[in-house]
Structures are given as C-alpha cells and as structure tokens.
Amino acid sequence: MRTPIPRVSRRGRRVMGTLAVLLVLMTVLSWAVDAYTDWLWFAEVKYTAVFREVLTTRILMFLAFGLGVAALVGGNLFLAFRLRPLLPSGSPAQRALDRYRMALTPRIRWVLGGTAALLGVLTGLSAQGHWQQWLLFRNGGNFGVVDPQFKVDLGFYVFEYPFWRYLLGVAFTTTVLCLLGALALHYLYGGVRLEGSGDRMSAAARAHLTALVAAFVLLKAVAYWLDRRGMLLGQNQSTDVAGAGYTDINALLPAKEILAWISIVVAIAILVFSNAVMRNLVWPGAALALLGLAAVAVGGIYPAAVQAIEVKPNSREKEADYIKRAIDSTRYGYGLDKVARSTYTPTTTPPANLASDPSVSNVRLLDPAVVSETYTQLQQVRGFYDFGPKLDIDRYTSDGKTQDYVVGVREINPNNLRDNQTNWQNRHTVYTHGYGFVGAPADKVVCGGQPYFSSGFLDDGKSSQSTDCVDRGDKIPTEQPRVYYGELMSDYSIVGKSGGDKDIEFDKPTAGGQQTNFTYDGTGGVKVDNLLRRTLFALKYREANFLLSSALNDNSRVLYVRNPRDRVEKAAPFLTVDGDPYPAVVKGRVVWIVDGYTTSSTVPYSQKVNLRDAARDAQTGTGTVAQVRQDVNYMRNSVKATVDAYDGTVNLFAWDEADPILKAWNKAFGGDIVKPKSAISPELMAHMRYPEDLFKVQRDLLTKFHVSDPKQYFSGDDFWQVPDDPTHEVKSPQPAYYLLTQFPGQEKQTFQLTASMTPRNRPNLASMMSAYYSADGTPKIDLIDLASVQGLLGPGLAQQKLLSSPDVNRDIALFNTAPSKLIKGNLLTLPIGGGLLYVEPLYIQGGTGGTNYPQAKKVLVTFGQGDYVGYGDTLEAALDQIVRQAAAAAGRPPTTTPVPPTTTTPPTATPTPPATTGDLAAAVAKMQAAIDEAKRAQQAGDFEAYGRALKNLDTAIKEFEEAKKRTGTP
C-alpha cells in the first residue's frame, strides 16, 4: 500500500503564495531603485544616451529571444500534444503511463505554456547579456583590412561573426529542447513506443521528430560553414601561433566544406526517406551514423594523417607562410606594425663629461611606488588623509624648465576615519572631500632624503617643514584644490548646506589645530531635494537617515560612483579601462586622466593574450588595478577620458579616430558620445602620456613578435623575455618606468614609458623599448636592439654589480639594523653618454612608528658592463666616482665635475690632518650613538628627533670613511 503524499493545507499555500509575491515585489523594487538611481547618475554626467540605448537593447533582446524560444518550444510541445494518437496502445508500458496522462491532460495548457515561458525567460536573461554583440553587429563597418585566407574584411570577424555564433548556439539549444520535449510527449501519449511489434512510431510523430532532427543537421551544416571562418581564430598547434596552419588550410578546411554538403544531403534524406519511402527509423539512424563516420574520417583522421606524415617532419618549411601571417596580423592587432626599430652599440667607458649630459639632469631619484608613504607622513596633517599606495609621474614646466614630477592627490580615506568620525553624519556629510594636488620634482631630494615639495600646501604656502625642505613658490598652482572624486573615495557623500549659513563640510586644517569648513557649490551629484528622492536613496543604501537626518535640505546632493576609473567604466561600458588613472592640473583644476581601450578577440591570425596576465608586474596591486581576465587579440588606446576631481564631469575624447570599433560604438550611442580629438585643449594635451597596460601588452608580445623571419621565429632562438624586478622581494615582472629623457635616435627629450628586455633564459640586456606621443598625439614606439652586443647587463646582473661593493654591503647591513630598514628604489636603465647608465636610489625607513617614512639616502650607479660602480649621497657624487674610476683605469688624470654638497655634510675647506686609531673609534662611537638616538626617537614617536638622528648618522658614516682613508685602514 502506497503512503499518501501529504498535502499542504490551504492556509500554508496562502502563506507560501504571499511570501512568493513579496519576494517578487522586493526583487522588482530593488531592480527599479537601482535602475532609477542609475538613470539619475547618467543624467548627472550627461550620458543618458548610453543608459537609454543599453537598457532598450537589453529589454528588446530579452523579449526577442525569450519570446522566440518560448514560441518555438511551446509550439512544438503543443504540436506533439495535438498529434497524439486518439487510442494509445494497450501495452503494459502504455497502461503504466495512464495516470500521468490523466494528471497532465486537464492542465496541459498551463504545464506546456509554463515550461515554454520558463525556458523563454532563461533564454531572454542570457540574451540580454549579449547586448554588446548586437550593437556592434548592427553598427559595425569595415576595417579596410582583409584576412589573408578568404580576403574578407576584418569587420566581419569583429562585428558579425560573434553574433552569428551566438545566434547559432541559441538555435542549436532551442532545437534540442524542442526535440527532447516533443519526444517526451509523443512517448507519454503513445506516439512513440519502446516495445511491441510493427512500427513503434506513429506517422505524425515520425514526421514531427524527423523534421526536428533534420533541422538540427541543417544547423550543423551552417556550423561547418561558419567553422571555416572560425578556423582563422584558433591556435596553430604545430607552431603555437594564432590562426590556421598548413593542416588546417589544406586538410581541415576542405573537410569542413565536404561535411557541410554531407549534412545538407543527410537532412534532406532524413525528411524524404523517413516519411515518403521507407517510413521507419532505419534511414534516419543510418544517415546520422554516416554523418558521424564522415565527421570522424574526413574531419579527424585525414587532417591527423596530413599533420603526422606531411607537416610534422617539415614543420619549419610547411608552416612558414602561416607563421608570417600570424606575425603580420599580431603586429596589426596591437599597433606594433609601426614600431621604429634601430640598433645601438653602447660604449663601455663613461665619458669624462657624463654628469653634464642633458639627460642626467632629469634622472628620476624618487620612486613613486616607494615615496607614497613619505608624502602621506609629511603632507598628511590629519590621519584621515591619504595618497594611496602608489603615486604618479607627470611632467610640468616651471621657470622655463620641463621636468618630471612625482604627484599625488590628498584624498580622504574613509577607512582611516576613527571613533566619532565614523558615525553616519560625519562619514557622509562632514568628511566629504580631500584637498590639494601635491607634487615634487622627481630628480631632487632635500633635508636628509625628503621630496622637495612644491605644491599642494594646506596652509597657503606655509609649511611646518623647514624652509629648505619645501618650495614655497607653488610650482603647480590650482584654482580649485578640493577633491570630491578620487581613487580612495568608495563612500557616497551628501553635500550642500544643512540650513542657515553654516558650513558643515570639513575643508582643511589650519594653524593651532583649527579647521575651516566649506559648502559644496559644484554641479556634481544627484539632487535629493524632495521626499521621493530621499526615499529612493534610503532604499538604495538601506539607510533611514536619508529620511530622518537634518543634514539634508533642498540644496543637498548625493555624490556616488566617485572613483574615476569606475566613473569612466560606467559612463562608457564598452571600454576596457587602464588600471592606473593619474591626476593632472589643467587650467587650474585637478582632473583625473583615464585611458580607455577598445578590444576584440576575433581578429584572424592575431595572437590572443590574457589582459590580466599581460598587464601584471611588480607594482600591480600597489595603486595599479589588476585587469579582469579577458582574452584579446586586438587593442587600441582609442579614448582618453577625464574626470573632474571637483564636480565629477566625465569627458570622453577620441584618441584613435581611425579605430573602427570606436566608430561603431559612437554610432550606436548617437554619434556624439565621444568628442573629437580636436576638442582636447593644449593644456590637457600637455599631460597625455602613453598608457601602461597597453605598453605592457605590447612589450610582452614584442618578446616574440620582434622576429620578422618566420623560420627564425619557428626556431625561437632570438626570443626575449621581460626580466623580473630585481628590487622586488616577490618574483614578478619589472615594471615599465615613465621618464623624461632622450633615447638614441630621438631629436629631443621626451616624456616616455620605457622598459628593458633580456634574451630568453639569459640575464644579459637584449633590447630597450620606449613609447611616447609626438606633438600632435601620434603614438610612437622605438625598439632599440642590443642583442648583437655581448656582455651587457640586464636588470638582474646590474643589481648584482651595484650591490657587490664592500661599502654598499656594509651600509646595507647598517641600514637594515632595527628599527630601520633598507628599501631599494626602481632600477633605471638609461642610454646616456653613448653607453648604458644604471641608476638605483636607496631608501631608509625607520621602524613601525607613525612618524617613519622612506627617505632617499644613497644613489647607486654603474655604467656599461658594470666595470665601474658609483655610490654616493647624490647622483652627481656617484657619477663622479665612476668617471674617476674610468680615468684611473685608462691611466689619465680624471676630469672631475664639481659635486654639490649634500644637506648633511658641509664641504671641506682645508686639508685634514692624518687620522689616528682614536679617530676611528670616535667615528664608530658616533655611529652607534646616532643609531641609539634614532631608536629612542622612534619609540617616542618624536619625528624631529628621528630626523636629526638620521642626519647625525650620515655625518658619522662620512667621518668613519674619511678616517679609514687617512689611516689606510682597508
């Protein structure tokens, strides 16, 4: 006896129904709130065309695909029900299905309609996520470049092929669902039987099911035909380059064409023979088996035989043409087809006038990845200010001289708020913005290793630091220094008067522990000037204070999506955004400059790279955002975007106006979403720089694709690699560095992004890469080939040479004495003085106290092949050492360059008498006393005392060195 299934009571069903309705309403309400606040945000930044077009497209695709699939599936299910036999077979199996038929038949419309509707909703939800493919399909044009096999414009592969593939996938899935559903209903109602004699399928069921099978086979024919084009997007397994190889073109391509025609014949045969001739399932089964055998033999065995017998023994010759296709297409796909390549034969001996070389005056000594903490400690003033984990490099002209500056924005970091600062009103209505654009020349350190700050002071040019430690001239003046939009601003803020004339927003600290307040008067943010808006944002952030707090009135605005990178991504969702936005002062306002890329993964024969892996280096995660995992084989820096730090205004400028993908997107959103390049002001143009992520991708590809000869590429003996960063503790690629310098062949000093490469699995230097913009914004890439010169130091070898000096080893041990530690700055490789100059600053940082920060204390240099190593307090002193060493090695009197005195050691005016053993002991005692003094100051948190201790330590070290020389002590 069967146990009856317990039934839910009527009350239980009502409760469950009510909960289900509430869940649906809450979901719909949440979606509506998000959608409407998104609309308000897009209206604020004046990009409603993007919101409207994206939303409309997603809704239409949801409806089109959802209704289409629901209609096809539902139609086939209802057709199977209508074609059921009136008198099902009386077999035992059929009688066992009677109770299911009796339960289903009265509710057949609801069951079949509900099933079709559910599948339609799922399909629609999937389809709306493919809105980008549809918009490109509808608005794409031609590239003016054809693929090397079929001579079809690349526009087909980039704009049309992805959507056709998706459409084909939906058609396959729908056909299979229709077939399975129809088969289940035909079986349930007796149209298909699994037992008994005679024909086990009714004529109606046979016609229905064979038509669906034939439709599936016809779709397979379309897939085979489309596969012919898709072969060019694959990977050549023989050579590990992109695109179809010899076997693919000469064996698999004809096989695909043959299989397409076979599929058409099989589909016709299934329809005709199964219903008009043989009237059974033997022929459909045989036809499908034949198609399967043909696929294995023609599409599998034959290409494998060609590969093993003809290609594998002669891969170098057979694959040469296809490797050449991959080289050319990859260079086009990543903008490497215009690389200017040259050779450079550096001298190994430094010239006597090395220090007077024009490029030496701009050699960067401040590492932006190291001195961020220095900026924070010296320019923070209040604990909630922060400069982020990594600063930026830009160039500014002051007093007629253009030079690198290490720059950062003093932002409020919500995570640094403490105690009552974290309550809702303070967090969201008081601490709303940062203040100041802080910059310092990258080539200068003062006051024991501090940056020479020259802008961004909170006290109107005054500073708590010594007069010698800051440049009060304010070299980068700003008319609006307040920062409401920045990389650290993850919270929303409510700005505007709270009532009366009282300002409540914290603006900046002043002398005596006081502060000034401010009221935002910009155009950024969304107004919350009525009950409906306040209720809307209360629901969005689940915060009742929007309705209860007196901090809101008719002038209030909500600022959200405040990170400049997020802001550009939201306004232009078709762009891939660079991981490192940087601030600049343009016409007195602080703006964030963000690089935007258009990408594709369907350019024939172009090598695919994972953008996340290719853009990774030693600085990823320290201020540079890692890219998402995305395979691309076409990449253009097509857009330069700006975000105003005060009012959040987003501007998109076309940087590569010839890019067909950018043209398609601009057309899709009305034609004016991206401003022309001519709209970029000269002041903004002066701060454009070559983007980092694109450069890293190009550098990674050039390690292989600098090789032009396909046979040489096949051998791989001239491949390069990106070296590991020798200054970084964790093994990771060396970052690229922005420098204002002049490479061989360049007419003048240029602000450029540079990198070094070494031969694969060898530590020597193979090449240097430089990327920059010409005066009109045209991208330039210079590749200096050094592989023909033997013995050049790569970054790893240069680091070993720099640290091999006994003096350096001794100081490193001293600097790493607790509580201080040594930090290695960026290792720069510079083609200066007819050779190669390697420069690395060394920093000392105290213990764990709040007043400790990295200070640039020493400079290491070496020239050529590392025969000469200089080590000094300044770059000039270190260069003078290697010039003297070279002169001594050549047996000629040294031509010295006057070395400016450091801030810690005064110049010696008169000869010093010989030292005694007591002098050495006194110097050692002074060194130990300075170290002890530094420890005590560190523990006490006395910043001034700690600085004095470090200066005393410098002086003691120098006295010790001098005493050693005068006593002849080794």
Side-chain angles (χ1 to χ4, degrees), residues 344-357 359-367 443 723-728 734-735 737 739 741 743-744 754-759 762-768 784 786 789-812 815 822-843 856-890 894-897 899 961:
Y344 181 56
T345 306
T347 180
T348 58
T349 303
N353 62 344
L354 178 61
S356 62
D357 189 290
S359 295
V360 169
S361 62
N362 278 324
V363 170
R364 178 159 58 81
L365 298 179
L366 294 182
D367 184 346
D443 64 335
D724 291 326
D725 186 355
T727 68
H728 204 256
Q734 186 181 39
Y737 298 124
L739 301 170
T741 189
F743 270 43
T754 65
S756 301
M757 288 177 276
T758 60
R762 297 203 304 276
N764 303 98
L765 192 64
S767 69
M768 296 189 66
I784 302 174
L786 301 161
V789 183
Q790 300 296 319
L792 292 179
L793 303 179
L797 289 177
Q799 177 80 97
Q800 293 177 18
K801 287 286 187 180
L802 291 171
L803 301 182
S804 63
S805 166
D807 290 344
V808 176
N809 280 322
R810 183 205 64 234
D811 282 358
I812 287 177
F815 296 159
L822 175 78
I823 300 175
K824 301 170 187 173
N826 42 211
L827 176 62
L828 305 179
T829 307
L830 303 168
I832 290 177
L836 291 173
L837 178 67
Y838 303 85
V839 180
E840 180 179 3
L842 296 181
Y843 295 81
K857 306 300 291 185
K858 296 288 184 179
V859 180
L860 280 165
V861 299
T862 186
F863 192 89
Q865 296 178 335
D867 297 327
Y868 314 107
V869 176
Y871 177 58
D873 296 323
T874 64
L875 176 62
E876 291 80 3
L879 293 177
D880 184 67
Q881 287 186 18
I882 63 173
V883 171
R884 286 175 175 271
Q885 293 168 19
T895 303
T896 60
T897 302
V899 180
E961 290 296 321

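Only heavy atoms go into these numbers, but all of them, side chains included; no hydrogens, no water, no symmetry mates.
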Please find the pair of heavy atoms, one from [X] and one from [Y], that lie closest to each other, and give the distance.
X	Y	answer
Tyr868	Thr862	O-OG1, 2.7 Å
Ala878	Gly872	CB-N, 3.9 Å
Pro726	Leu827	CG-CD2, 3.9 Å
Gly825	Thr727	O-CG2, 3.3 Å

Check whether any side-chain N or O of [X] sits under 3.5 Å from a backbone N or O of [Y] as a donor-acceptor pair, and report yes or no.
X	Y	value
Asp367	Asn826	yes
Gln881	Tyr871	yes
Tyr838	Leu802	no
Gln885	Val869	yes
Thr347	Gly835	no

How long is the gap from [atom1] on [X] to [atom2] on [Y], to the nearest 0.5 Å?
X	Y	atom1	atom2	result
Gln865	Asn764	CD	CG	9.0 Å
Leu792	Tyr344	CG	OH	10.0 Å
Leu875	Arg364	CG	CZ	13.0 Å
Ile832	Phe743	CD1	CZ	9.0 Å
Asp867	Leu793	CG	CG	8.5 Å
Thr754	Leu828	OG1	CG	7.0 Å

Decide yes or no for [X] and [Y]: does some side-chain heavy atom of the first lie under 4.5 Å from some side-chain heavy atom of the second?
X	Y	result
Leu803	Lys824	yes
Ser359	Leu830	no
Leu797	Thr758	no
Leu879	Leu837	yes
Val839	Val861	yes
Pro351	Leu354	yes
Leu836	Pro831	yes

